[in-house]
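These notes concern the structure reproduced below.
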Number of protein chains: 2
Amino acid sequence: MTLDERKKLILESIIKDYVETAEPVGSRAVVKKHGLKISAATVRNEMSDLEDMGYLEQPYTSAGRIPSQKGFRYYVDCMMEQENLDDKETEVLLHLLDDSFQEVNDLVQKIGHFLAQITNYTSFVIVPSVRLSKFKYLQLIPIEPGKALVLLVTDLGVVMHRNIEVPHSITAPELDLMGRMFNQVLAGKKITEIQRSDLQQLRDELKQRRKVIDHALEAIESLLDNSNEERVIISGALNIMNEPEFKDVDKLKKIMAFLEEETQLMDMLPESLGDEVDIRIGQENQAEDFKELSLVFAGYRSQGEQGKLGLMGPVRMEYWKAVGSLDSVREIIEEIIRKRF
Amino acid sequence: MTLDERKKLILESIIKDYVETAEPVGSRAVVKKHGLKISAATVRNEMSDLEDMGYLEQPYTSAGRIPSQKGFRYYVDCMMEQENLDDKETEVLLHLLDDSFQEVNDLVQKIGHFLAQITNYTSFVIVPSVRLSKFKYLQLIPIEPGKALVLLVTDLGVVMHRNIEVPHSITAPELDLMGRMFNQVLAGKKITEIQRSDLQQLRDELKQRRKVIDHALEAIESLLDNSNEERVIISGALNIMNEPEFKDVDKLKKIMAFLEEETQLMDMLPESLGDEVDIRIGQENQAEDFKELSLVFAGYRSQGEQGKLGLMGPVRMEYWKAVGSLDSVREIIEEIIRKRF
DNA sequence: GATTAGCACTCAATAGGAGAGAGTGCTAAC
DNA sequence: GTTAGCACTCTCTCCTATTGAGTGCTAATC
């Protein structure tokens, strides 16, 4: 279904106006704001047509029109020109990053924060699990008699650690040796590839120090369990409160509660994303509490894993800005990852 | 100023009722709910007195009365019996903790979460800076050619780390040696006590590896900078939304924005706390955005440092429960810290 | 045939007013 | 000192009238 130019123009006017004001847009307003050379009556006729086609709707009989979700969908699919970060914004972002991050996740988190700031929407970042990263380094470090630290580093620079108990009698060189044996068996393996058999092998080789091994393995398993999960980081949740559609505390509460449950957001997104920025408008979202929100999201890849990041806002969203920012930012992320890791 | 028994009884009735319903309380309600043997008219006279004394106020001429902030203050100072955690709650908490924390801060954070859950208020935990903790252990760990990890452990089990760059030529034993030298100079010192002179000494002793030393020192300084700051952890912020006094989104937004700025909350609390649970009712708070909220907080000490934790809710708060829970929990924390660290 | 001006019509939003109800404060009796 | 009784006050809710933005239709115009 394609629309003639005039209808497109009118639809666009209404969308821009409505996005800005959150009020229904009348025929006169369309003519005035955009200096069209046709009369309000003509616009009314066109608007009536657009309503019949489902792109507009009327809150009540004699109000102006607001874009329907289908209208927004048509707009983003067929008409929208995305508005990337301008030079100044890019500069601010690059300055903000400025090497002050320790690992990929820090980087992405900062970018999420930035996105929320410049768009005034709520951003989310899903940092990938370390399932696919490689086991790079492990060490057992004596901290004090009876206590040691298991330190584990993956190839993406993620450092994990956990305290364990060890017999008082154990010496530092012994711990060191054990660490080395762990390394020999596990080094270079993907986290997912570590098998029970590997762990068993370790147990066998280090029989005489069974207790330490057991504790260390427990610690490692617990670290892996923890890090198997994707994490969601949300920034700018307060921005939702600025939108007039959420001046009702109950609605707000539902959304906030939804956001607090990390998994819910993850479940809403597809397993893996292509190279495009994806848009989910209102009803297109599965979750009941999300039918009044839109989601704009994209994947970024970092060495074989996929992370996701995106923005959420009201259906009445500046999609052009959201999509553009996200697109720009995605490129910047991948560029940095390529260079630094 | 002390009140006679009957006035106390009436004040208490009104407070309990108002805390529960958030509605002004009338004289008849007082008589009915608490089965008093005096008539409503008598209660009215007493209420009038209480209003003159400033303990009650009337939203408008012919509504019931609500406790004034002074009324609440009198109540918590002179009448309140705190309601500690009961056995079941304590058990739930202990079960929740169950050794599954790595360091003090994990522990306190979990407790904050628990507090928010059982009280339905918003909890905050201020974990102390590591300024006062002692430097326990440092190691330089080679990760890959050109990269190493600075690992720093304090006596409270806090593990910090940072990546640094090192010359490709450096060997693992060399790094190890350097780590040991760091340890020799720094071990056992309080973080605050580490002086420029110590760092200079290191620089001198390890002249030939100046670059590594510089990077490592930078990393350490940056770690210390970071950890010099106290952190605030907030749980159950959503609970505020349940209170009828905050059904207005604008108020809500102000409070949430306030909470997002960690330092603001810290600035509101006194530098150091005694052994009592402290209460700040409404106007007693400095911050403008907090004049409608009450704060109940206490300090906990862990090896010379003081952390703080507390609850915030509307002025119409169940102080007895908040104070009691906090008091119970504080004991539990200190008990665990004594045992485990 | 498309466009436009004109006008009646619709419906939310706002304001004003009446009535109900909760609760007080006062007075007079106990 | 306490209480019953009653007038009074003030909010809340419902109702109605009014306003105004914006439409939809019709008939005239380009």
Side-chain angles (χ1 to χ4, degrees), chain A residues 3-11 13-68 71 244-245 247-248 316, chain B residues 3-11 13-18 20-68 71 244-245 247-248:
Chain A
L3 297 177
D4 66 46
E5 280 311 310
R6 195 166 67 184
K7 282 201 175 55
K8 278 190 184 175
L9 200 61
I10 290 173
L11 179 57
S13 305
I14 292 175
I15 285 181
K16 295 262 168 167
D17 231 50
Y18 178 65
V19 164
E20 193 182 328
T21 64
E23 300 286 331
V25 185
S27 52
R28 276 175 57 83
V30 172
V31 176
K32 269 193 187 168
K33 282 242 175 123
H34 298 266
L36 297 189
K37 286 186 209 72
I38 49 181
S39 79
T42 311
V43 173
R44 272 204 289 285
N45 290 331
E46 296 283 40
M47 281 163 77
S48 182
D49 290 353
L50 283 167
E51 185 176 1
D52 289 343
M53 290 186 262
Y55 296 123
L56 294 180
E57 49 195 34
Q58 237 176 341
Y60 48 89
T61 316
S62 78
R65 302 295 206 299
I66 64 177
S68 67
E245 30 275 88
K247 65 181 193 306
D248 174 28
R316 179 186 61 76
Chain B
L3 298 177
D4 66 48
E5 281 311 310
R6 196 167 67 186
K7 282 201 173 60
K8 278 190 184 175
L9 199 62
I10 290 173
L11 178 57
S13 304
I14 292 175
I15 286 180
K16 294 263 166 162
D17 230 50
Y18 177 65
E20 194 181 328
T21 63
E23 299 287 334
V25 184
S27 53
R28 276 176 55 83
V30 171
V31 175
K32 268 194 187 167
K33 282 239 175 128
H34 299 265
L36 298 188
K37 286 184 210 73
I38 49 180
S39 77
T42 311
V43 173
R44 274 203 290 283
N45 291 331
E46 296 284 39
M47 282 163 76
S48 182
D49 290 351
L50 283 167
E51 186 176 0
D52 290 342
M53 290 185 262
Y55 297 124
L56 294 180
E57 49 196 34
Q58 234 175 343
Y60 49 89
T61 317
S62 79
R65 302 296 206 299
I66 63 176
S68 67
E245 30 273 87
K247 63 182 194 302
D248 173 29

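Chain A is the first sequence line, chain B the second, and so forth, proteins listed ahead of strands; every chain is numbered from 1. Only heavy atoms go into these numbers, but all of them, side chains included; no hydrogens, no water, no symmetry mates.
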Open item on the list: Strictly distance-based, threshold 3.5 Å: is any side-chain N or O of A:S68 a donor or acceptor partner for the main-chain N or O of A:E57?
Closed with: no
In whole angstroms, the gap separating C1' of D:dG1 from CZ of B:R6 amounts to 8 Å
With A:D4 as partner, the option from A:K7, A:R6, A:K8 fulfilling salt bridge (charged side-chain N to carboxylate O under 4.0 Å, His left out) is A:K7
When rounded to whole Å, the CG to P distance for the pair B:D52 and C:dT24 reads 14 Å
Between B:S48 and B:R65, the two heavy atoms sitting closest are CA-NH2, 3.6 Å
note: B:D49, atom CG; C:dG25, atom C1'; distance rounded to Å ~ 13 Å
Ignoring backbone atoms, test whether A:S27 places a side-chain nitrogen or oxygen under 4.0 Å from the OP1 or OP2 oxygen of D:dT23. yes
Whole-Å distance, B:D17 CG to C:dA22 P, equals 16 Å
Taken to the nearest whole Å, CG/B:D4 to P/D:dG1 is 12 Å
Smallest heavy-atom separation, B:L3 atom then B:Y55 atom, equals CD2-CE1, 3.7 Å
From the list A:M47, A:E46, A:E51, side chain to side chain contact (heavy atoms under 4.5 Å, CB included) with A:D49 holds only for A:E46
To the nearest angstrom, the CD1-C1' distance between B:I38 and C:dC30 comes to 17 Å
Rounded to whole Å, the CD-P distance (A:E5 to C:dA2) equals 18 Å
Separation of C:dA13 atom P from A:E23 atom CD, nearest Å, is 9 Å
If we ignore hydrogens and angles and just use 3.5 Å, is the side chain of A:S13 paired with the main-chain N or O of A:L9 as donor and acceptor? yes
inquiry  = Does D:dG24 have OP1 or OP2 under 4.0 Å away from a side-chain N or O of A:Q58?
reply    = yes
- prompt: Does OP1 or OP2 of D:dT2 have a side-chain N or O of B:S39 closer than 4.0 Å?
  reply: no
Could you walk me through whether B:D17 and B:V30 satisfy the side chain to side chain contact (heavy atoms under 4.5 Å, CB included) test, starting with their C-alpha distance in whole Å, then the side-chain angles of each, then the deciding distance to 0.1 Å, before giving a yes or no? CA-CA 8 Å; B:D17 230 50; B:V30 171; over 6 Å; no
- Query: Given D:dA4, is OP1 or OP2 found less than 4.0 Å from the side-chain N or O atoms of B:R28?
  - Reply: no
In 5'-to-3' order, the base (B), backbone-only (S) or no-contact (-) status of each nucleotide in nucleotides 6-15 of chain D, using a 4.0 angstrom heavy-atom cut-off, is ---BBS----
